[in-house]
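To start, the structure under review is shown below, and the notes come after it.
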Amino acid sequence: MKHNHSIEWLLQKFFALAFLFILVTIIYFLKDVDLKNYESTILWFKNFWNSFLILILFFCIIFHSNIGLTSIIDDYLHSVRVKKMAIVFKNFVFVTILFSVTLSIGSIVF
């Protein structure tokens with residue numbers, strides 16, 4: 001099966017630009033929040049759109065990292081068995097992180 005690396009390259013650049021834009025937006029929205037105060041921080045997260053932006057930020061970062069690490073694994077690991085094990089472990093870690101972030105943000109919002 002042929003692997004199209006140009007699509008992965010474009011996706012990685014898209015996710016990099018997306019998470020950069022969302023990060024700047026979140027920092028702008030956080031300028032009026034007292035982050036040292038637990039109640040004001042939780043109140044900021046309880047806003048659906050703020051939490052949604054944080055969730056999208058994490059999704060973009062994880063997908064960007066996933067594509068980059070897959071490229072590194074493909075380039076530098078030459079044993080097929082070790083390569084498959086590394087990709088399975090990488091995917092397990094990323095799915096665990098995404099699940100944890102989604103569950104954490106969902107528990108604050110709902």
Side-chain angles (χ1 to χ4, degrees):
M1 181 163 111
K2 283 278 188 184
H3 204 70
N4 194 345
H5 293 287
S6 59
I7 291 176
E8 286 182 352
W9 184 85
L10 284 173
L11 280 173
Q12 189 175 27
K13 301 312 172 209
F14 169 77
F15 285 126
L17 287 174
F19 84 70
L20 184 63
F21 174 73
I22 294 170
L23 181 65
V24 169
T25 305
I26 288 172
I27 290 171
Y28 177 76
F29 288 157
L30 279 171
K31 73 180 181 348
D32 295 329
V33 177
D34 181 18
L35 296 176
K36 294 179 184 177
N37 185 350
Y38 177 77
E39 287 81 21
S40 68
T41 305
I42 290 297
L43 188 63
W44 187 85
F45 270 100
K46 283 190 183 268
N47 181 333
F48 174 77
W49 294 111
N50 293 339
S51 295
F52 183 71
L53 275 176
I54 294 287
L55 189 64
I56 296 299
L57 175 70
F58 272 94
F59 272 80
C60 288
I61 290 171
I62 293 297
F63 288 139
H64 174 81
S65 301
N66 189 16
I67 294 169
L69 283 176
T70 301
S71 175
I72 291 170
I73 289 170
D74 284 342
D75 289 346
Y76 293 104
L77 295 179
H78 302 293
S79 168
V80 175
R81 184 173 160 267
V82 173
K83 188 182 294 190
K84 284 183 181 181
M85 286 176 29
I87 289 176
V88 166
F89 178 72
K90 170 193 63 79
N91 289 339
F92 173 75
V93 168
F94 283 146
V95 167
T96 303
I97 292 170
L98 281 177
F99 181 73
S100 300
V101 167
T102 305
L103 193 62
S104 299
I105 291 175
S107 69
I108 293 172
V109 173
F110 300 111

Donor-acceptor contact below 3.5 Å, side chain [X] vs main chain [Y]:
{"X": "Thr102", "Y": "Phe99", "value": "no"}
{"X": "Ser71", "Y": "Ile67", "value": "no"}
{"X": "Ser51", "Y": "Val109", "value": "no"}

Are [X] and [Y] close enough that some pair of their side-chain heavy atoms sits under 4.5 Å apart?
{"X": "Leu30", "Y": "Asn50", "result": "no"}
{"X": "Ile22", "Y": "Phe59", "result": "no"}
{"X": "Glu8", "Y": "Gln12", "result": "no"}

Which value, rounded to the nearest 0.5 Å, describes the distance between [X] atom [atom1] and [Y] atom [atom2]?
{"X": "Ile56", "Y": "Ile61", "atom1": "CD1", "atom2": "CD1", "value": "11.5 Å"}
{"X": "Phe21", "Y": "Leu17", "atom1": "CZ", "atom2": "CG", "value": "11.0 Å"}
{"X": "Phe63", "Y": "Asn66", "atom1": "CZ", "atom2": "CG", "value": "7.5 Å"}
{"X": "Leu11", "Y": "Trp9", "atom1": "CG", "atom2": "CH2", "value": "11.0 Å"}
{"X": "Ile42", "Y": "Asn47", "atom1": "CD1", "atom2": "CG", "value": "13.0 Å"}

Mutual orientation of the aromatic rings belonging to His64 and Phe19 [parallel < 30°, tilted 30-60°, perpendicular > 60°]: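 Aromatic pair His64/Phe19 classed perpendicular.
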Geometric class of the Phe52/Phe48 ring pair [parallel <30°, tilted 30-60°, perpendicular >60°]: parallel
[X] versus [Y], closest heavy-atom pair with distance:
{"X": "Lys83", "Y": "Ile73", "value": "CG-CG2, 3.6 Å"}
{"X": "Phe15", "Y": "Cys60", "value": "CB-O, 3.7 Å"}
{"X": "Leu77", "Y": "Ala86", "value": "CD1-CB, 3.7 Å"}

Test side chain to side chain contact (heavy atoms under 4.5 Å, CB included) applied to Phe45 and Ile54, step by step: CA-CA 9 Å; Phe45 270 100; Ile54 294 287; 3.8 Å; yes
Same hydrophobic cluster for [X] and [Y], using side-chain heavy-atom links shorter than 4.5 Å among ILVMFWY?
{"X": "Ile108", "Y": "Ile105", "answer": "yes"}
{"X": "Ile87", "Y": "Val95", "answer": "no"}
{"X": "Trp49", "Y": "Phe29", "answer": "yes"}
{"X": "Leu103", "Y": "Leu53", "answer": "no"}
{"X": "Leu23", "Y": "Leu98", "answer": "yes"}

Charged tip of Lys31 within 45° of Tyr28 ring normal and under 6.0 Å: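 Yes, Lys31 and Tyr28 form such a contact.
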Over 12 foreign heavy atoms within 6.0 Å of NZ, Lys13: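 Counting neighbours around NZ of Lys13, more than 12 heavy atoms of other residues, nucleotides or ligands fall under 6.0 Å, so yes.
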